Number of protein chains: 2
Amino acid sequence: MTATRSYHHGNLKPALIAAGLEILESEGLDRLSLRACAERVGVSHTAPKNHFGNVTGLLTAIAAEGQTCLHAAMTDGLNPDAPRAERRRAAAEGYVAFARAHPALFELMWARGRVDFSDPVLAAAMSASFAVLRDVAGASGDPAAASVRDWCTVHGFALLSLQGVFDKDGMRHLGVQDILPDPPSGA
Amino acid sequence: MTATRSYHHGNLKPALIAAGLEILESEGLDRLSLRACAERVGVSHTAPKNHFGNVTGLLTAIAAEGQTCLHAAMTDGLNPDAPRAERRRAAAEGYVAFARAHPALFELMWARGRVDFSDPVLAAAMSASFAVLRDVAGASGDPAAASVRDWCTVHGFALLSLQGVFDKDGMRHLGVQDILPDPPSGA
DNA sequence: GGCAAATGTTTACGGTGGAAATATTGCGCG
DNA sequence: CGCGCAATATTTCCACCGTAAACATTTGCC
């Protein structure tokens, strides 16, 4: 039996995280609540407390899962033998593509006030994501500055574009590759 | 009499916006609520409905006010006769300095779900802020891409830095000027 | 087999935004 | 001047949310 159906769920912690991800996909961030997650799993709304402490703990765990997915989106299909510039472009596009594919989750992942960024699990997942960009960052100038610059640019582009800020004529055509610093010099 | 004190406030709309700004400064974004604004002004929690419709309307108006302040932060003390590169740096630093000086307000300004970005007043204020960056953007490549790139980079830096993401050694020293694309070529 | 810890439930409470009915005021118009 | 309507604000009520405390059930270990 994968799960006894009475009283003890047996797998509640991951089930709640999965429920949260589903709610984000199907109903959006503003419908994501502790009670909604619990109800979807078929459990009382106070049950999550045992595993996550409070709602912030649950949302933080969901955000960490999101970071793992973001990491995968950047590295999936990334040819390690490709030239650095190409890997850089692919990682950046993976970042933005993930944000557009999962807008609600992506927003939660950066929602200070709902998520605890000091949580070690989340911090590790975020570091792993950033490391992808760092390893392929632009080469000009201070390498630390270059990687942070790429991160800022890609992250800002993802967020602003999610907010529809570029939906006016003359901006709609812009993609990450147009935005990344050190463009291929004369496109 | 600037305001009669009975029943009709007489100046409720701007008073509620001001109250919201005060709450953001003193208590933070998570303490900002429709009821808190109303209470601070000394009015019932349903009074704002007449002027803003719902809480989103109120928060959107506060965000628009924030955009106006952001615009001012970028242009204040901006010498129009200075070389473009210098004005660009000053505007970018004004952007980030504003975010750091008013973190709660800055977050609200970009909080999809609490703010209605299709509101024309807010959209106009945002356009005005962006125009400052656009007018001083980097010169290389497509000018539209260059201005959007600057915006993304500065915005991403402001948000990520507000989240303490750069608080680890090796990143703490980084400022906007290190991050802006097209660095002065050999710092 | 029995007891302690882990896991869930029930109930209750304060906070939040919104709807509906009601009260007060301002103001235009006779 | 005063009447009546529209604007403005209040009261009351409701649904939802997160949390705490007391309680129930189950697991697992000795």
Side-chain angles (χ1 to χ4, degrees), chain A residues 1-20 23-24 26-63 104 107-108 111-116 119, chain B residues 1-20 23-24 26-63 104 107-108 111-116 119:
Chain A
M1 320 315 165
T2 54
T4 58
R5 195 48 75 103
S6 63
Y7 217 101
H8 282 90
H9 182 281
N11 216 26
L12 187 53
K13 190 164 182 174
L16 284 168
I17 295 175
I23 291 174
L24 285 174
S26 59
E27 306 181 50
L29 179 53
D30 50 338
R31 302 293 296 273
L32 177 65
S33 69
L34 190 155
R35 287 172 112 108
C37 291
E39 184 182 18
R40 175 174 285 249
V41 172
V43 105
S44 83
H45 76 279
T46 52
K49 180 171 193 177
N50 295 311
H51 302 275
F52 299 102
N54 54 21
V55 63
T56 300
L58 172 56
L59 298 192
T60 299
I62 297 173
E107 277 202 43
L108 172 67
R112 210 174 46 151
R114 305 195 71 176
V115 155
D116 175 18
D119 178 83
Chain B
M1 328 310 167
T2 54
T4 57
R5 194 49 74 104
S6 62
Y7 216 99
H8 283 90
H9 183 281
N11 215 26
L12 187 54
K13 190 164 182 174
L16 283 169
I17 296 176
I23 291 174
L24 285 174
S26 60
E27 306 180 51
L29 179 54
D30 50 338
R31 302 294 295 272
L32 178 65
S33 69
L34 190 156
R35 287 173 112 108
C37 291
E39 184 181 18
R40 176 173 285 250
V41 172
V43 105
S44 82
H45 78 279
T46 52
K49 182 172 193 176
N50 296 310
H51 302 275
F52 299 102
N54 55 21
V55 63
T56 300
L58 172 56
L59 298 191
T60 299
I62 296 173
E107 277 202 43
L108 173 68
R112 210 175 46 152
R114 305 194 70 176
V115 155
D116 174 18
D119 178 84

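No experiment lies behind these values; they were computed from the predicted model shown.
Rounded to whole Å, the distance from CG on Leu34(B) to P on dT10(D) is 12 Å. Atom CZ of Arg114(B) and atom P of dG18(C) are 11 Å apart (whole Å). Here dT11(D) presents its P atom at 13 Å from CD of Glu39(B), a figure rounded to the nearest Å. Nucleotide dC16(D) holds its C1' atom 14 Å from the CD atom of Glu27(A), rounded to whole Å. The distance from atom CG of Asp30(A) to atom P of dC16(D) is 15 Å, rounded to the nearest whole Å. Taking atom CZ of Phe52(A) as the reference point, atom P of dA6(C) lies 17 Å away to the nearest angstrom.
Taking 4.5 Å as the limit, every side-chain heavy atom of Phe52(B) sits out of range of all side-chain heavy atoms of Ile62(B).
Contact between Ala104(A) and Leu24(A) at its shortest, heavy atoms only, is CB-O, 3.4 Å. Taking every heavy atom of both residues into account, Leu59(B) and Arg114(B) meet most closely at CB-O, 3.5 Å.
Residue His51(A) holds its NE2 atom at 9.0 Å from NE2 of His9(A), rounded to the nearest 0.5 Å. Here the CG-NE2 distance, from Leu34(B) to His45(B), works out to 7.5 Å after rounding to the nearest 0.5 Å. The structure places CD1 of Ile23(A) at 11.0 Å from CG of Leu29(A), a figure rounded to the nearest 0.5 Å. Going from atom CG of Leu12(A) over to atom SG of Cys37(A) covers 10.5 Å, rounded to the nearest 0.5 Å. The distance from atom CG of Asp116(A) to atom OG1 of Thr56(A), rounded to the nearest 0.5 Å, is 7.0 Å.
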Is there any protein nitrogen or oxygen under 3.5 Å from a nitrogen or oxygen in nucleotides 28-30 of chain D, and what are the pairs?
none

Could I get a table of every N or O pair under 3.5 Å where one atom is in the protein and the other is in nucleotides 7-13 of chain C?
| from | atom 1 | to | atom 2 | distance (Å) |
| --- | --- | --- | --- | --- |
| dT7(C) | O4' | His8(A) | NE2 | 3.4 |
| dG8(C) | OP1 | His9(A) | N | 3.3 |
| dG8(C) | OP2 | His51(A) | NE2 | 2.7 |
| dG8(C) | N7 | Asn50(A) | ND2 | 3.0 |
| dG8(C) | N2 | Tyr7(A) | OH | 3.4 |
| dG8(C) | N3 | Tyr7(A) | OH | 3.2 |
| dT9(C) | OP2 | Ser44(A) | N | 2.5 |
| dT9(C) | OP2 | Ser44(A) | OG | 2.8 |
| dT10(C) | O4 | Thr46(A) | OG1 | 2.9 |

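Between dA20(D) and Lys49(A), a contact under 4.0 Å exists linking OP1 or OP2 to a side-chain N or O.
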